[in-house]
K.L.:
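Pasting a structure here, questions to come.
If you're wondering where the values come from, they're calculated on a predicted model, not measured in any experiment.
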Amino acid sequence: MLVMFLTASIAYANEHGRAIDIDASVITEHETKILGKRVKYKATTGTQPVWNDKGDAVASLFYTYYQRTDVKNNASRPLIISFNGGPGSASVWMHVAYTGPRILNIDDEGYPVQPYGVQTNPYSVLDVADIVFVNPVNTGYSRVLEDSEGNLPSKESQKQMFFGVNADIKYLAEWLNTFVTRHNRWRSPKYLIGESYGTTRVSGLALELQNSQWMYLNGVILVSPTDIGIERDGPVKAANRLPYFAAAAWYHNKLDAELQNKDLEAFLPEVEDFTINELIPALAKGGFVTPEEKRSVLAKMARYSGLSEQDIAQNNLDVSTMFFWKALLRDEGKTLGRLDSRYLGIDLKQSGDRPDYWAELTSWLHSFTPAINYYLREELNYKTDMKYNMFGPVHPWDRSNNNTGENLRLAMAQNPYLNVMVQAGYYDGATNYFDAKYTMWQLDNSGRMRDRLSFKGYRSGHMMYLRRDDLKQSNQDLREFIEASLPGEGVPAQYKR
């Protein structure tokens, strides 16, 4: 392995005596196999400043950039820019579990195994695109910087600069302009991928990059998306949980034999149809729904969810996810995971209406934390005593004026090349797959960009790529999305009459 150190600045960000270069990088060279074929690549791991309007460095962002080295034409090679969510989460999850060339040591269903560490990702999309994983301020090794007098900005100043829907988008767009310029990627087709809150981030960035940085994209991938500012409150919010309930109940074999004997993807459209055409209207009627209609809806909800009619009636048809996670396997003394309901927990008491903890998150931190710390230091040779923040201090987060869904729609309208793909796991109870479908449906009410919107579902949870079969399929879906969204030579970006 060849290692090169590049340092552009000797300034430091201090944290109780620990320090990190604010503008430096380490390059290592590697070789792997993807889909059975040899791929050579280099990994650039380092930091790059965030500049304010005066040209002063106010923060430094940590990133890892993978670039295939056995290809000739860099200009036509796609670049994927990857973000995770939180807000406050490092870009670790998709980095060492989804698209990167190295992934966690986990079993085929995604559970941690020892010894901790990483293994080859035989399905990585590095064969068709270069990838940069970006850590927003206070995540990973990214930090706010002290001023010339050694003082950090006030908490309110930091919030205005970094910690809000729109502040986050603005400074990251500026940072990406610098990154693309430094690495000579202006001619490359570009893609944004975000997971969870990262979908809010990349939806907003699509328009910000176009309108403020004059950087146009070919694609945006929304993995386990948030609402991206699209309203789905009231009856819609309550009803949209049911298809997820049905999927989780099916997985845990809590439905009657007729439904259990159906394949999941053959069964779910039936639940979705009931949700749209019967459940939402019944919830909209509230206390004025007729007794007959309510009895019918109760019976079907119980049949599809695995819960009792009594439980559903006592919740007035509006069953919370918290209650579902606690109630579905109550008789077995188990609770369901929030972000992935395949994971099970054990509470102190079987009674109650919410789990004591999130079984899936403790499992993930169990394996991700040692893996990323080992990988960056020992395989990519990036060494620092700074703590790697899996989750960093970014709160209170300013969620006001979240128009990111509309921003994405406008970016698509302005840019005929821009395509959007949604990926979601059926067993995700936090950003459920039917909410993701609904958001996609509402993104463009005109319907005139429908052919540039697509949805892919997987038999796992929020991080669907942890399950081996879904790791393979989701990367292949990405690969096909990228290849399909690259226009033919000479094909202009225009709308025709």
K.L.:
Is there a salt bridge (Lys or Arg N to Asp or Glu O under 4.0 Å) between R182 and D23 once you walk through the steps?
P.N.:
CA-CA 12 Å; R182 284 186 176 187; D23 197 353; 2.9 Å; yes
K.L.:
Keeping the roles fixed (side chain from N389, backbone from N138), state whether a donor-acceptor pair exists under 3.5 Å.
P.N.:
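Checked: pair present.
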K.L.:
Could you walk me through whether V223 and M464 pass the side-chain contact (heavy atoms from CB on, under 4.5 Å) test, one step at a time?
P.N.:
CA-CA 9 Å; V223 179; M464 71 285 171; 3.8 Å; yes
K.L.:
Please walk me through it: do H462 and D340 pass side-chain contact (heavy atoms from CB on, under 4.5 Å)?
P.N.:
CA-CA 6 Å; H462 195 73; D340 190 331; 5.7 Å; no
K.L.:
How about N73: does its CG atom have over 12 heavy atoms from other parts shown lying under 6.0 Å from it?
P.N.:
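Yes, the 6.0 Å shell around CG holds more than 12 heavy atoms from other groups.
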K.L.:
Assess whether side-chain hydrogen bond (donor to acceptor under 3.5 Å, both in side chains) is satisfied between Y374 and E379, documenting all intermediate values.
P.N.:
CA-CA 7 Å; Y374 154 77; E379 292 201 12; 2.9 Å; yes
K.L.:
With a 6.0 Å cut-off on ring centres, are F391 and W93 close enough?
P.N.:
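Centroid separation for F391 and W93: below 6.0 Å.
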K.L.:
Check whether any side-chain heavy atom of F163 lies under 4.5 Å from a side-chain heavy atom of P87, and answer yes or no.
P.N.:
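No, side chains not in contact.
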K.L.:
Report yes if some heavy atom in the side chain of M463 is under 4.5 Å from a heavy atom in the side chain of M94; otherwise report no.
P.N.:
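Result no, sub-4.5 Å side-chain heavy-atom pair not found.
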K.L.:
Aromatic contact between F179 and W175, with the criterion being ring centroids under 6.0 Å apart: yes or no?
P.N.:
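Between W175 and F179, which both carry aromatic rings, the centre distance is below 6.0 Å.
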K.L.:
Are the side chains of Y417 and P189 in touch, meaning some heavy atoms are under 4.5 Å apart?
P.N.:
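Answer no - side chains too far apart.
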K.L.:
Is Q119 reaching over with its side chain to a backbone N or O of L104, donor-acceptor style, under 3.5 angstrom?
P.N.:
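Yes, Q119 side chain to L104 backbone: donor-acceptor pair under 3.5 Å.
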K.L.:
Do I193 and I81 make a side-chain contact, defined as non-hydrogen atoms from C-beta onward lying under 4.5 Å apart?
P.N.:
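They are not in side-chain contact.
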K.L.:
Does the pair L453 and L443 meet the rule for a side-chain contact (heavy atoms from CB on, under 4.5 Å), with working shown?
P.N.:
CA-CA 9 Å; L453 294 162; L443 187 64; 3.6 Å; yes
K.L.:
Quick one: do the S157 and S154 side chains pair a donor with an acceptor below 3.5 Å?
P.N.:
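Side-chain D/A pair, S157 to S154: present.
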K.L.:
Please confirm whether the ring centroid of W250 lies under 6.0 Å from the ring centroid of F245.
P.N.:
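Ring centres of F245 and W250 not closer than 6.0 Å.
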K.L.:
Take N381 and T28, measure what side-chain hydrogen bond (donor to acceptor under 3.5 Å, both in side chains) needs, and give me the verdict at the end.
P.N.:
CA-CA 8 Å; N381 207 41; T28 54; over 6 Å; no
K.L.:
Please work out which of the three classes, parallel, tilted or perpendicular, describes the rings of H95 and F133, given edges at 30° and 60°.
P.N.:
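Parallel: the ring planes of F133 and H95 meet at under 30°.
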K.L.:
Output, in order, the C-alpha distance, side-chain angles, deciding distance and verdict of ring pair (Phe, Tyr, Trp, His ring centres under 6.0 Å) for H183 and Y65.
P.N.:
CA-CA 10 Å; H183 294 275; Y65 173 41; 4.8 Å; yes
K.L.:
Apply the test ring pair (Phe, Tyr, Trp, His ring centres under 6.0 Å) to residues Y123 and Y465: give CA-CA distance (whole Å), side-chain angles for both, the deciding distance (0.1 Å), then the verdict.
P.N.:
CA-CA 11 Å; Y123 312 116; Y465 41 81; over 10 Å; no
K.L.:
Working note: D444 + R452, criterion salt bridge (Lys or Arg N to Asp or Glu O under 4.0 Å); need CA distance, chi angles, decisive distance, verdict.
P.N.:
CA-CA 10 Å; D444 171 38; R452 289 191 276 149; over 6 Å; no
K.L.:
For S89 and N84, does a side-chain donor sit closer than 3.5 Å to a side-chain acceptor?
P.N.:
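Result is no, nothing qualifies.
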K.L.:
At their closest point, which heavy atom of L145 faces which heavy atom of I22, and how far apart are they?
P.N.:
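Here L145 and I22 meet closest at CD2-CG2, 3.4 Å.
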K.L.:
State whether a side-chain donor-acceptor pair under 3.5 Å links E195 with Y98.
P.N.:
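No, no side-chain donor-acceptor contact under 3.5 Å.
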K.L.:
Atom CG of L339 and atom OG1 of T431: how far apart are they, to the nearest 0.5 Å?
P.N.:
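With rounding to 0.5 Å, CG (L339) is 7.0 Å from OG1 (T431).
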K.L.:
So, are D477 and K472 salt-bridged, with charged N and O less than 4.0 Å apart?
P.N.:
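Not counted as a salt bridge, because no side-chain N and carboxylate O are separated by less than 4.0 Å.
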K.L.:
With a 4.0 Å cut-off, would you call K159 and E156 a salt bridge?
P.N.:
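Not counted as a salt bridge, because no side-chain N and carboxylate O are separated by less than 4.0 Å.
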K.L.:
Keeping S124 on the side-chain end and T99 on the backbone end, is there a donor-acceptor pair under 3.5 Å?
P.N.:
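Yes, S124 side chain to T99 backbone: donor-acceptor pair under 3.5 Å.
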K.L.:
Ring centres under 6.0 Å, that's the criterion: do Y427 and Y343 meet it?
P.N.:
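Centroid distance Y427-Y343: not below 6.0 Å, so no.
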K.L.:
Return yes if a side-chain donor-acceptor contact under 3.5 Å exists between N277 and D273, otherwise no.
P.N.:
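A pair is found: one side chain offers a donor N or O, the other an acceptor, under 3.5 Å apart.
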K.L.:
Is the closest basic N to carboxylate O distance between R185 and D130 below 4.0 Å?
P.N.:
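Judged by the 4.0 Å cut-off on N to carboxylate O distance, R185 and D130 do form a salt bridge.
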K.L.:
Salt bridge (charged side-chain N to carboxylate O under 4.0 Å, His left out) with E109: which of R468, R342, R459?
P.N.:
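Answer to the salt bridge (charged side-chain N to carboxylate O under 4.0 Å, His left out) test with E109 among R468, R342, R459: R342.
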K.L.:
Does any part of the side chain of I372, heavy atoms only, come nearer than 4.5 Å to the side chain of Y388, both counted from C-beta?
P.N.:
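Yes, close enough: below the 4.5 Å cut-off.
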K.L.:
Determine whether a donor-acceptor pair (N or O, by modelled atom type, separation under 3.5 Å) exists between the side chain of R448 and the backbone of N445.
P.N.:
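Not a single qualifying donor-acceptor pair exists.
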K.L.:
Whether the side chain of T321 engages the backbone of G429 through a donor-acceptor N/O pair (distance < 3.5 Å, no angle test) should be reported.
P.N.:
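Checking the backbone N and O of G429 against the side chain of T321, no donor-acceptor pair under 3.5 Å is found.
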K.L.:
Rounded to the nearest 0.5 Å, how far apart are NZ of K456 and CE of M421?
P.N.:
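If we round to the nearest 0.5 Å, K456:NZ and M421:CE are 7.5 Å apart.
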K.L.:
Assess, by modelled atom type and distance only, whether the side chains of T32 and H30 contain a donor and an acceptor separated by less than 3.5 Å.
P.N.:
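Side chains of T32 and H30: no pair found under 3.5 Å.
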K.L.:
Are D56 and K54 ion-paired here, with the side-chain N under 4.0 Å from a carboxylate O?
P.N.:
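Looking at K54 together with D56, the answer is no, because their closest N to O distance does not fall below 4.0 Å.
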K.L.:
I'd like to check R187 versus N74 (side-chain heavy atoms, cut-off strictly below 4.5 Å). Are they in contact?
P.N.:
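The answer is no, as the side chains (C-beta and beyond) never meet within the 4.5 Å cut-off.
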K.L.:
Strictly below 4.0 Å, N to O, side chains only: are R201 and D168 in salt-bridge contact?
P.N.:
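Salt bridge present between R201 and D168.
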K.L.:
So that I can tick it off, tell me whether K170 and E208 are bridged by a salt bridge, with the cut-off set at under 4.0 angstrom between side-chain N and carboxylate O.
P.N.:
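Salt bridge flag = no for K170 with E208.
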K.L.:
Are a donor atom and an acceptor atom from the side chains of Y41 and Q67 found within less than 3.5 Å of each other?
P.N.:
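The criterion, which ignores hydrogens and geometry beyond distance, is not satisfied for Q67 and Y41.
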K.L.:
Can any side-chain N or O of N432 pair as donor or acceptor with the backbone N or O of D435 at less than 3.5 Å?
P.N.:
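Side chain of N432 to backbone of D435, a donor-acceptor pair under 3.5 Å: yes, one is there.
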K.L.:
Would you check if the distance from the ring center of Y197 to the ring center of F83 is below 6.0 Å?
P.N.:
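Not under 6.0 Å, so no.
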K.L.:
Closer than 4.0 angstrom, basic N to acidic O: yes or no for D318 and R241?
P.N.:
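Here D318 pairs with R241 in a salt bridge, since their nearest N and O are under 4.0 Å apart.
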K.L.:
With F434, which of W441, Y244, Y426 fulfils ring pair (Phe, Tyr, Trp, His ring centres under 6.0 Å)?
P.N.:
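Among W441, Y244, Y426, the one that satisfies the ring pair (Phe, Tyr, Trp, His ring centres under 6.0 Å) with F434 is W441.
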K.L.:
Do any N or O atoms from the side chain of N402 and from the backbone of T404 form a donor-acceptor pair under 3.5 angstrom?
P.N.:
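Flag set: sc N402 to bb T404 pair under 3.5 Å.
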K.L.:
Side chain of S203, backbone of T200: donor and acceptor closer than 3.5 Å?
P.N.:
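No.
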K.L.:
When you measure from the side chain of S485 to the backbone N and O of G219, does any donor-acceptor pair fall under 3.5 Å?
P.N.:
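No.
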K.L.:
Provide the closest heavy-atom pair for N211 versus W214 in the form atom of the first, atom of the second, distance.
P.N.:
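Nearest pair, atom of N211 first, then W214: O-NE1, 3.7 Å.
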K.L.:
Quick check: do P225 and V422 have side-chain heavy atoms less than 4.5 Å from each other?
P.N.:
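A side-chain contact exists here, since the closest heavy-atom pair is under 4.5 Å.
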K.L.:
Looking at every non-hydrogen atom in both residues, tell me the closest pair between Y63 and S25 and how far apart they are.
P.N.:
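Of all heavy-atom pairs spanning Y63 and S25, the closest is OH-CB, 4.0 Å.
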K.L.:
When rounded to the nearest 0.5 angstrom, what is the spacing between CD1 in I27 and OG1 in T45?
P.N.:
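Between atom CD1 of I27 and atom OG1 of T45 there are 9.0 Å.
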K.L.:
Do the side chains of L35 and R479 get nearer than 4.5 Å, heavy atoms only?
P.N.:
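The answer is yes; the side chains approach within 4.5 Å.
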K.L.:
Judged by atom type as modelled, is there a donor-acceptor pair below 3.5 Å linking the side chain of S196 to the main-chain atoms of G198?
P.N.:
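It does not hold such a pair.
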K.L.:
For side-chain contact (heavy atoms from CB on, under 4.5 Å), just list the numbers for L466 and I106, CA-CA rounded to whole Å, side-chain angles, deciding distance to a tenth of an Å, and then say yes or no.
P.N.:
CA-CA 8 Å; L466 293 179; I106 50 179; 3.9 Å; yes
